[in-house]
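Remarks on the structure that follows.
Given the structure is predicted, the values throughout are model-derived calculations rather than measurements. Note: hydrogens, waters and symmetry copies are ignored here, and every other heavy atom, side chains too, is used.
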Amino acid sequence: MSEILSERTTDELIVAVRALEKLSALDLVYADQYLYRAEMLLPRLLTRDEYVELRCSRTALTQATRDLRRAIDANDWSHVRTLAARAPSHR
């Protein structure tokens, strides 16, 4: 099986991981096996460090968006400009 999986493209691996995750929700008897298989595929797509970095970036972007909306609602345009200038660093 590992030979077959090593030839898979990134898109195919993503589809496989999503399918395994969905199967785990449907088949509770073998859910741990499905999730284990998905866990074995994930490092080929993204390392744990890369995942954590993306997760932190996503959280920072969500917070920046929230802060920007509050500043706009408060008509604090100087703060809006400051936040907007920092926005590219959150992408």
Side-chain angles (χ1 to χ4, degrees):
M1 181 171 177
S2 62
E3 301 86 29
I4 295 170
L5 290 178
S6 64
E7 297 173 6
R8 300 285 176 170
T9 66
T10 301
D11 289 340
E12 291 172 325
L13 287 172
I14 292 170
V15 169
V17 168
R18 285 183 178 156
L20 289 164
E21 186 272 329
K22 287 180 183 178
L23 281 170
S24 73
L26 297 173
D27 185 356
L28 298 179
V29 174
Y30 293 105
D32 59 330
Q33 293 297 313
Y34 296 128
L35 293 174
Y36 175 76
R37 297 270 185 193
E39 185 180 358
M40 294 297 102
L41 294 175
L42 283 175
R44 296 179 186 166
L45 299 170
L46 192 68
T47 66
R48 183 170 293 280
D49 290 340
E50 290 170 331
Y51 170 78
V52 169
E53 185 179 331
L54 286 172
R55 187 75 175 171
C56 290
S57 295
R58 183 176 176 187
T59 302
L61 183 58
T62 301
Q63 184 61 44
T65 303
R66 192 175 301 130
D67 292 345
L68 190 55
R69 285 186 181 139
R70 285 186 188 138
I72 290 169
D73 289 344
N75 291 324
D76 186 353
W77 302 113
S78 63
H79 192 58
V80 169
R81 281 189 291 279
T82 303
L83 292 171
R86 281 191 248 152
S89 68
H90 295 297
R91 290 184 185 170

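The side chain to side chain donor-acceptor pair (under 3.5 Å) test applied to T47 returns E50, not counting sequence neighbours. Partners of E39 under the side chain to side chain donor-acceptor pair (under 3.5 Å) rule, at least two apart in sequence or in another chain, do not exist in this structure. Partners of L42 by side chain to side chain contact (heavy atoms under 4.5 Å, CB included), not counting sequence neighbours, listed by chain and number: V17, L45.
L23 and L13 end up in the same hydrophobic cluster when Ile, Leu, Val, Met, Phe, Trp and Tyr side chains are linked at under 4.5 Å.
Grouping Ile, Leu, Val, Met, Phe, Trp and Tyr by side-chain contacts under 4.5 Å, direct or through others, leaves V15 on its own. The hydrophobic cluster around Y36 extends to M40, counting ILVMFWY residues whose side-chain heavy atoms fall within less than 4.5 Å of a member.
The list of side chain to side chain donor-acceptor pair (under 3.5 Å) pairs with a residue in residues 16-33, not counting sequence neighbours, reads D27-Y34. Applying the salt bridge (Lys or Arg N to Asp or Glu O under 4.0 Å) test to pairs two or more places apart or on separate chains, those with a residue in residues 60-70 are D67-R70.
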Indicate every side-chain donor-acceptor pair of residues 71-83 with a distance under 3.5 Å to a residue at least two apart or in another chain.
from, atom 1, to, atom 2, distance (Å)
D76, OD1, S78, OG, 3.3
D76, OD1, H79, N, 3.3
T82, OG1, S78, O, 3.0

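Separation of atoms CZ (R37) and CG (L20) is listed at 8.5 Å; rounding is to 0.5 Å. One finds the OG1 atom of T65 at 4.5 Å from the CG atom of L61 (value rounded to the nearest 0.5 Å).
Around the CD atom of E53, the shell of radius 6.0 Å holds no more than 12 heavy atoms that belong to other residues, nucleotides or ligands.
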